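Letters A, B, ... mirror the listed sequences (proteins, then strands); counts begin at 1. Excluded from the calculations below are hydrogen atoms, water molecules and symmetry mates; all remaining heavy atoms, backbone and side chain alike, are included. Note that this is a predicted model, so its numbers are computed, not measured.
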Amino acid sequence: MDRDLVEQARKGDREAFAVLVHQVSDSLYSVAFRILRDTGLAEDVLQNALVLAWRRLPKLRDLDRFEAWIYRILVHACYDESQRTRSWRGSVVALPIELAGVTDETSQIADRDELERAFRWLTIEQRAVFVLHHYLGLPLVEVAELLGIPAGTVRSRLHYATRSLRVAIEAGAAIPVTEGRLA
Amino acid sequence: MSDDRTIERSARAWLELGPTQAPDHAVEAALRTIDTTSQERDLRIPWRFPTVNPLARVVVLVTVAIFAVGAGLYLMRPDALKVGTQPSPSATVVPSVPLAPQSSVQRAPFADGTYVGRAVKISDIIAMINSTSYLSASEKANLLTAPFAQPDKSTFNAYFELIDRAYTIGFTIDGVSEVDARATASFLDAHTLLLQENLLGGPLQTRVGITVEGNTVTMTLLSHETPGGSATDRFVGELLYGSGPFIRRP
């Protein structure tokens, strides 16, 4: 990330910030989608995070940490969106997926469906840790710093996320899933 | 698909699926909003003089070092290490004062609510920007784009709000409010307000001196962290805190 651009944007240069936005928006959107599992919500969160980042940019202390800082804003925007849409939740019971005698390809699709359903069963905080670690490839200490929480908490959330995924997948059909909006 | 390693491998492959490009319309919508949105100012307003005489700096450091060594030697003197000795007859007797339970957070010396500063003419603010010597030409140009420096507006009022330790400082322009910064407030004593902003890289602290008279609060910036602070921030801070006293809105 270009430090000079961040500095200019910090001083109120909107054009500099627009350049930064074009550099980071794909990655931010990808992360938001993977946490929220909904393209519409991910778009809303991306927009909110970018506007909030612009407003708060003068408070960024270490210009070299711009990227981590804006990811932190994004993840918190995901938390807010999750809170806001919680009341939209509606549960249905997934139908069992018949795996006997299926091909490898079909089995992979079934696995994806299981993962999709199981992932929605995780808390938003667990999802964030899981995505930052497994999708962005951040080490746990960096995830901890980015989220502003202790490394032990990150480790614990990741552990419970993985365990919950395993339990949910093994439970298969009995998992409640959400319809439409975020779980 | 049962053990944790297998789950993680499958989950990583699954996470790779899905969109990887932000829709243009979402990005453009955000940029349009940003075009009409002003930035929050930093509470970290530089309070030190920008240049310090190197000799003065050395003198201060040496003085502090001498004081620290002296204090250390005093505390480590043999008398201080004895336990259970009788005080000498000439020793000063310090009256015993019952100590209140120690707490870093005191009760707020004024009620929660919104406190509004005096009205300042926008034309006066524009004149202040143009005549402030520590601002560079580009900083003046930047400040003149701020909401409080628009010639078609007339009145500026700074305000702060304290509700259950959540502190907000901002201003209104012709009655339309704009938040400048948010922080968590605690009172170190009846005259010192500690503002804490939780930013990436750790909390950021600002101390503000306060004087309360009934429903009126006068504020003075005591200290704050300065890294990255700019002259623009300093000006905005002086404008906000300097436009007190702040009177509680009924």
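- Residue contact with chain B, scored on non-hydrogen atoms closer than 4.5 Å, involves the side chain of A:L46 exclusively.
- Within a 6.0 Å radius of CZ in B:R12, more than 12 heavy atoms belonging to other residues, nucleotides or ligands are found.
- Within residues 123-133 of chain B, no residue has a heavy atom under 4.5 Å from a heavy atom of chain A.
- With sequence neighbours excluded, the residues that form a side chain to side chain contact (heavy atoms under 4.5 Å, CB included) with A:A77 are A:V45, A:A49.
- When every heavy atom of A:W54 is checked against every heavy atom of B:S38, the shortest pair comes out as NE1-C, 4.1 Å.
- Atoms CG and CD, from B:L17 and A:E116 in turn, are 9.5 Å apart once rounded to the nearest 0.5 Å.
- Close approach to chain A, defined as a heavy atom under 4.5 Å from one of its heavy atoms, is seen in B:Q21, B:A22, B:P23, B:H25, B:A26, B:V27, B:E28, B:A29, B:A30, B:L31, B:T33, B:I34 of residues 21-34 of chain B, taken by number.
- In this structure a side-chain-to-backbone donor-acceptor pair under 3.5 Å is missing from A:R56 to B:Q39.
- Only the backbone of A:A9 comes within less than 4.5 Å of a heavy atom in chain B; its side chain stays farther off.
- For A:V51, the parts sitting under 4.5 Å from any heavy atom of chain B are the backbone and the side chain alike.
- Here CG of A:L165 is found 9.5 Å from CD of B:E8. Values are rounded to the nearest 0.5 Å.
- Here CD1 of B:I7 is found 8.5 Å from OG1 of A:T162. Values are rounded to the nearest 0.5 Å.
- More than 12 non-hydrogen atoms from other residues, nucleotides or ligands lie less than 6.0 angstrom from NE2 of A:H159.
- Using a distance-only test at 3.5 Å, with no hydrogens or angles considered, no donor-acceptor pair links the side chain of B:W14 to the main chain of A:L115.
- Within the model, atoms OG of A:S30 and CG of B:L15 stand 11.0 Å from one another, a figure rounded to the nearest 0.5 Å.
- Between B:G18 and A:F33, the shortest heavy-atom distance links the atoms CA-CE2, 4.1 Å.
- For a heavy-atom cut-off of 4.5 Å, chain B lies close to A:F130, A:V131, A:H134, A:Y135 in residues 129-137 of chain A.
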